[in-house]
Amino acid sequence: MNRLHQALSQGAAKGAQRPNQGGAPSGNGGKIKTEEETIQDIDTLERSYKQIERKLSDIYYGPDRDKMPQEVITRLEGELKAARGKVTKAKIQAARDGIMITSPMKGKCGEKDIEGIKEKFRKAPEEIRVLWNIHGQTINQDLNHQPPGRANYNRYIGCVHVNMQEDSQGREISEPYQIFFHENGHAIDNRLSKSKTGYYSSEYNDGEFIKAIHEDVNKLVKDKELEIKEKIKAGDLKWLQDKKIIPKEISKQVFVGNKKEDIDPEMAKILGNELCNQLFGQWKVAWEPVTEIPEGFKFKKAMAYQTIANEMRAMDNRAVSDLCDILEGATKAKIRCVAGHGASYWKQRTYQGREWGLGTEAFAEFTDSHAANEKSRDILKKYLPKASEVYSRMIKDAVSRTEVN
């Protein structure tokens, strides 16, 4: 890494370690500044930082590099670190004050949508607000993506693709603007990675987040297995039928006799009753209630997967869609319900044994739920407690280092 890049990285880290705790930046004798004034201050700090950056760049890559006194270079590097630190502190403080830097969205969607996103932003956890203010300006935003329904994040060009007109309305499985925060969750996950095309969620503590997801999901499935086995042992037919493990009715073919008028009597005598019934007999489907657990009925693991899926379908789709996608990924599509990417998606997103697809989807699900869907956030905490704890720690650690790739 050359000296300019080192200076940039050190400046960002320095700014994150000592964030301004004293309220919104103010130059008016302590008067709290408006959102517009705060954004203007950040823009001013950014311009100052970029001016120093350009000076250093001209020196590093200019023809007179070897003639420039080292003390001048050292002084400018120090100024660059300080300027970057001021920008970072100002962005962090703005986030803590609920002020969202919206410049990446300007001119790419309507003001109504920007206000709608800002409203969600103000209610989001502080760490998510900070991560957006630090990294959001480095994310390209295509907010009129066509066709609708194909939202995605392209890590190779660093661009979020969302149709904001569609997202602002919400869908059966998502709240308004939840998709925006989901795709930007992918982008932030990528920005926090050690590599340009990697994901922080799968790198963190040697894959701790992915491991926690599997622990939670395995426990959920195991608990359901034990519950079903206990119900079978207890002969609880009603519970097993309510959970759709045993049907409430079964169908059977019932013989209702011959259309004798269609059978030649002489021919009937020749064929005999049994063959005559097979050739000309009439049958109908009759439904009979199941009144006892069938003899020899045994537990199968698929029952646990299907029961969990049925329970998810019976709940508020918007509340469980994030969880359902994670369940699908963690079980390799053995649990499929409400929302998901399909079995092939997960198979294609594993590298050297690490399920980075599961990691980044879960990171995005947790991020969009914390920012835009409180019910989903609570569901994730209930069903995935270990993963929820790791996610919370992950974003706090990310805020503390604020490294921009």
Side-chain angles (χ1 to χ4, degrees), residues 12 15-16 19-26 32-47 49 84 86-144 151 153 158-165 167-168 170 174-192 363-364 366-374 376-377 395-396 398-400 402 404:
N20 183 357
Q21 301 285 351
S26 174
I32 298 298
K33 293 192 174 185
T34 64
E35 177 178 328
E36 184 178 356
E37 290 171 332
T38 299
I39 296 298
Q40 287 176 350
D41 281 349
I42 291 173
D43 288 343
T44 299
L45 291 171
E46 286 272 19
R47 285 195 296 272
Y49 167 75
R84 180 60 179 173
K86 289 178 182 179
V87 171
T88 302
K89 286 180 181 180
K91 288 180 176 180
I92 290 174
Q93 190 56 54
R96 288 175 173 156
D97 293 335
I99 297 173
M100 181 182 193
I101 298 174
T102 58
S103 53
M105 296 179 282
K106 294 289 185 181
K108 299 177 181 179
C109 64
E111 286 299 319
K112 182 180 178 181
D113 290 323
I114 291 177
E115 289 303 316
I117 290 171
K118 284 164 66 175
E119 182 63 26
K120 298 281 188 182
F121 178 87
R122 283 189 282 270
K123 296 177 182 178
E126 181 180 293
E127 291 82 9
I128 291 176
R129 301 199 305 265
V130 169
L131 289 175
W132 167 265
N133 276 4
I134 295 297
H135 299 283
Q137 288 176 299
T138 70
I139 303 168
N140 297 319
Q141 302 285 340
D142 167 20
L143 302 181
N144 188 31
Y153 169 66
C159 186
V160 161
H161 302 282
V162 175
N163 185 290
M164 197 63 81
Q165 184 176 1
D167 192 28
S168 65
S174 62
E175 295 286 345
Y177 303 114
Q178 190 173 349
I179 296 173
F180 172 85
F181 284 103
H182 180 93
E183 300 306 337
N184 276 283
H186 282 308
I188 290 172
D189 188 16
N190 175 221
R191 288 294 185 277
L192 293 171
F363 187 93
F366 271 88
T367 300
D368 72 51
S369 68
H370 279 66
N373 191 335
E374 187 175 350
S376 176
R377 180 201 65 193
I395 60 175
K396 287 178 181 177
V399 167
S400 72
T402 62
V404 181

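Only this structure's heavy atoms are used, side chains among them; waters, hydrogens and symmetry mates stay out.
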Heavy-atom closest contact (K91 atom, E46 atom, distance): NZ-OE2, 2.8 Å
Within-4.5 Å side-chain heavy-atom neighbours: K106 and E111: yes
Mutual orientation of the aromatic rings belonging to H186 and Y153 [parallel < 30°, tilted 30-60°, perpendicular > 60°]: parallel
Any donor-acceptor N/O pair, R129 side chain to A124 backbone, under 3.5 Å: yes
N373/S174 under side chain to side chain contact (heavy atoms under 4.5 Å, CB included): CA gap, chis, key distance, verdict: CA-CA 8 Å; N373 191 335; S174 62; over 6 Å; no
Heavy-atom check, side chain of I134 versus side chain of V399, under 4.5 Å: no
More than 12 heavy atoms of other groups within 6.0 Å of Q165 CD: no
Distance-minimising heavy-atom pair for H370 and I128: CB-CD1, 3.4 Å
Spacing of CZ belonging to F363 relative to CD1 belonging to I395, to within rounding of 0.5 Å: 7.0 Å
E35 with K118: basic N within carboxylate O range, under 4.0 Å: yes
Heavy-atom pair with the smallest gap, counting every atom of Y177 and S168: OH-CB, 3.4 Å
H182 side chain vs Q178 backbone, donor-acceptor pair below 3.5 Å: no
Crowding at CD, E374 (>12 non-hydrogen neighbours, <6.0 Å): no
Qualifying residue for side chain to side chain contact (heavy atoms under 4.5 Å, CB included) with T38, from I101, D97, I99: I99
Any side-chain heavy-atom pair of M105 and D113 under 4.5 Å: no
